[in-house]
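Atoms within each ligand, like the ligands themselves, are counted from 1 in listed order.
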Amino acid sequence: MTRLKLGVLISGRGSNLRALIESCNTSGYPAEIVLVLANRPDAAGLGFAAEVGIATQVIDHTEYAERAAFDAALDRALRAAGVELVCLAGFMRLLTAGFVASWRDALVNIHPSLLPSFRGLNTHRKTLAAGVRITGCTVHYLRPETDTGPILVQAAVPVLAEDDEASLAARVLAAEHRCYPLAVRLIAEGRVRVENERAIIDGAPAGDLTLINPLPTPSGSS
Ligand code: GRF
């Protein structure tokens, strides 16, 4: 089986990277990580990627005066490693339109909301402030505007009355760790095509659960 070659871009903790590594280590998974790239030398994800024998590289953005030069360095490293799909996993740098265009439909991102709601930073703060009862996460092909592009996989997650940013982030993160490997699998299996800026997935049954939050209580009960 030829496996789709992934390049994973991180800036920090790397828990989504870890979820992808675990999936790639599962027998029959149709992708492998050939490079982990970080823009910060202290990104925690670098350590455990190296521990399991994955090539890692730091391209420190502070050493580049211009965003385009930094992106060109990223591009060179990814192409030199033979990367076929770039996965942003908590990568905290904005990418130039040129970089995004040159990886069109070969560049995916994960965001901790149900896009197109709550794009950008401080997602969970915005989610809580809006008072929505259901949030979630989204894996999508990236387009030049931050957190936009054809949606591949989403999961819905309830917001609880007692949530703060940390508790909500943790619940959404658990869903992220399921969605990212699923999205990569669908792409690697050749089941995704983009039509009119919507991602069409062949043979993917929708989940059959309707998530209602709060749960309806029987009439008469309190
Ligand atoms: C995740 O919540 C992801 O959705 C967002 O940044 C966070 C990265 O977490 N883009 P980790 O580094 O993968 O643990």
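Between the Thr96 side chain and the Ala68 main chain, no donor and acceptor come within less than 3.5 Å of each other. Judged purely by atom type and a 3.5 angstrom limit, Asp147 uses its side chain to pair as donor or acceptor with the backbone of Gly120.
Residue contacts with ligand 1: Asn109 is placed with no nitrogen or oxygen under 3.5 Å of a nitrogen or oxygen of the ligand (distance criterion only). Of the polar atoms of Leu173, none of the N or O atoms is found under 3.5 Å from an N or O of ligand 1, judged by distance alone. At under 3.5 Å, a nitrogen or oxygen of Ile110, whether backbone or side chain, sits near a nitrogen or oxygen of ligand 1.
Cluster annotation: Val8 is not connected to Leu173 through the hydrophobic network of ILVMFWY side chains, with a link wherever side-chain heavy atoms come within less than 4.5 Å.
Under the rule for a side-chain contact (heavy atoms from CB on, under 4.5 Å), the partners of Glu32 that lie at least two apart in sequence or sit in another chain are Arg3, Lys5, Val34.
Of the protein's heavy atoms, Gly14 N, 2.8 Å lies nearest to atom 12 (O) of ligand 1. The nearest heavy-atom contact from the protein to atom 8 (C) of ligand 1 is Gly90 CA, 3.5 Å. Regarding atom 9 (O) of ligand 1, its nearest protein heavy-atom neighbour is Arg13 NH2, 3.0 Å. Ranking the protein heavy atoms by distance from atom 4 (O) of ligand 1 puts Glu176 OE1, 2.6 Å first. When hydrogens are left out, the protein atom nearest atom 11 (P) of ligand 1 is Ser15 N, 3.4 Å; that is the closest non-hydrogen contact.
The aromatic rings of Phe91 and Phe70 lie parallel to each other, their planes meeting at an angle below 30°, with 60° marking the opposite boundary.
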Can you give the donor-acceptor pairs under 3.5 Å from side chains of residues 162-170 to other protein atoms, not counting sequence neighbours?
| from | atom 1 | to | atom 2 | distance (Å) |
| --- | --- | --- | --- | --- |
| Asp163 | OD1 | Ser167 | OG | 2.7 |
| Asp163 | OD1 | Arg171 | NH2 | 2.9 |
| Asp163 | OD2 | Leu160 | N | 2.8 |
| Asp163 | OD2 | Arg171 | NH1 | 2.7 |
| Asp164 | OD1 | Ala166 | N | 3.2 |
| Asp164 | OD1 | Ser167 | N | 2.8 |
| Asp164 | OD1 | Ser167 | OG | 3.1 |
| Glu165 | OE2 | Arg125 | NE | 3.1 |
| Ser167 | OG | Asp164 | N | 3.0 |
| Ser167 | OG | Asp164 | O | 3.1 |

